Amino acid sequence: MSTVSIAHLRKTYGQFVAVDDLSLDIPSGCVFGLLGPNGSGKTTTFKCALGLARRDAGDIRYDNVSLVPQTFERIAYVPEKSVLFEGITVAEHMELTRRSFARFDVKRCAELLAGFGIDPRKRVRVLSKGMKTATAVALAFARTPDIMILDEPTSGLDPINQRVVLNLIVEASANGTTVVFSSHQIGQVERAAERIAIIDRGTLILEGAVDDLKARRKIVEGVVDEHFSVDGFAGDARVAYVEHNGRIIRLHAISNADDLAAELSARGAIGVRVLDLGLEDIFFQSVSTAASRPEA
Amino acid sequence: MPMTFTVDPRSGVPIYLQLIEQVKRAVALGALISGEQLPTVKQLALDLTINPNTVARAYRELEREAVIDTAPGRGSFIRTDGAGNQTGHAAADVVRDVVDKTVREAKSLGAQRALLTEIFQGALDRWFPEAQ
């Protein structure tokens, strides 16, 4: 078992609240995608979860145990910004990692590096940003950790190497590793993640299984006459919000879209249809709904 | 592995439902025959670069619907019992979904029952002339 539990996490920098009362429960073996705009608190959340930043409040647990030194044998973390030593070679990094972690698989690491086209004799300094990320990813996966935390693991990589990283995530997950990763590439999260959370301005906006969110979140659209009143739908718990432009009405459904479609037809709308939403649509729907909420 | 699947992860249709639909369609069309083995969960997840639990969910659902059998340690296979009937059954499922969607769409556009009956009768007459 390798669960990660974040409860009521709060982190401030001076007056700025980076993370506010964030709770996430990540099941064992799950690939969990963390989405959010720039500055929404993703990296801060990772740092607090790993004890790299001191939290103001909240609780972090791995398999229901607080972070202790031994936990780091089981967790690998690839930060967004490279923390590799610029002056030494990739091969020397392999040796450092081997000396630090008993489970490090040197042969596997060499294979992963070759897959990315990285020559281990090169110094980190001469690698591009993407190749530094790929080096860190290779070092991390070769440790065969129980829990993998990846902050933007595909940034700076070409589409082929992005796919290599995603398949490493998929393979690790199939072997039972719990993977938490952030990405701005929603399409990648949509592929690899089973569950996602969307955070905005340090607050949890939406959390759930990708397939369940897609099954529930729909747009119910119909054409109505100009006297149609949206009142009945505006306060409905099944509806996030209503768009009403002239004769077109669109209900952004959180659940029960088929029932809403039937009700909309019964109230005289014609051409009623239920539109599916991809994760990107759901992301924008959630973030824009949150932005329109009054500030607490 | 002879069978190839494709999924569109960006679609609003959940990936596990896309997989279920494709397996059923392949069975209905005879592209997958009884006793044929499906890729392992891990293999299909890697082939399509999708989450392994999503593949597992699709396989569980297909097993529940008696389309496949999963033997622990051996893999997942298209069911052999009543293969002929079962192929027909899967075809009926595919057709039912298409017709249902069409009728719902037609109704939402304001079409009346009588008109739809006439349209369906016309289509049946055209494609099954021998039955007239």
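Atom set for the values below is all heavy atoms of this structure, side chains included, hydrogens, waters and symmetry mates excluded. Proteins get letters first, then strands, A, B, ... in listed order; numbering begins at 1 in each. Only a predicted model underlies this, so the values are computations on that prediction, with no experimental measurement involved.
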Residue-level interface, residues 56-63 of chain B with chain A, non-hydrogen cut-off under 4.5 Å: B:R57
Short side-chain to backbone donor-acceptor contact, A:K214 and B:I15, under 3.5 Å: no
Distance in Å, A:R195 CZ paired with B:N53 CG, rounded so as to fall on 0.5 Å steps: 11.0 Å
Listed partners of A:D276 passing salt bridge (charged side-chain N to carboxylate O under 4.0 Å, His left out), at least two apart: A:K218
Side chain, backbone, both or neither of B:L17 within contact of chain A (heavy atoms, under 4.5 Å): neither
CZ/A:R238: more than 12 non-hydrogen atoms of other groups inside 6.0 Å: yes
Atom NZ of B:K107 with >12 non-hydrogen neighbours under 6.0 angstrom: no
Close contacts, residues 176-194 of chain A versus chain B, judged by heavy atoms under 4.5 Å: A:G187, A:E190, A:R191, A:A192, A:A193, A:E194
Rounded distance [0.5 Å steps], CG in B:L46 versus CG in A:N167: 5.0 Å
Per-residue contact mode, B:S11 against chain A (heavy atom under 4.5 angstrom): backbone
B:T54 and A:D211: CA distance, side-chain angles, deciding distance, side-chain contact (heavy atoms from CB on, under 4.5 Å) verdict: CA-CA 8 Å; B:T54 303; A:D211 277 352; 3.5 Å; yes
Which portion of A:I270 sits near chain B, non-hydrogen atoms under 4.5 angstrom: both
Residue among A:L275, A:L264, A:N175, A:V223 with most heavy-atom pairs under 4.5 Å to chain B: A:N175
Interatomic spacing from CD in A:E280 to CZ in B:R10 - rounded to 0.5 Å: 5.5 Å
Within 6.0 Å of CZ in A:F284, more than 12 heavy atoms from elsewhere: no
Interface residues of residues 140-151 of chain A facing chain B - heavy atom cut-off under 4.5 Å: none
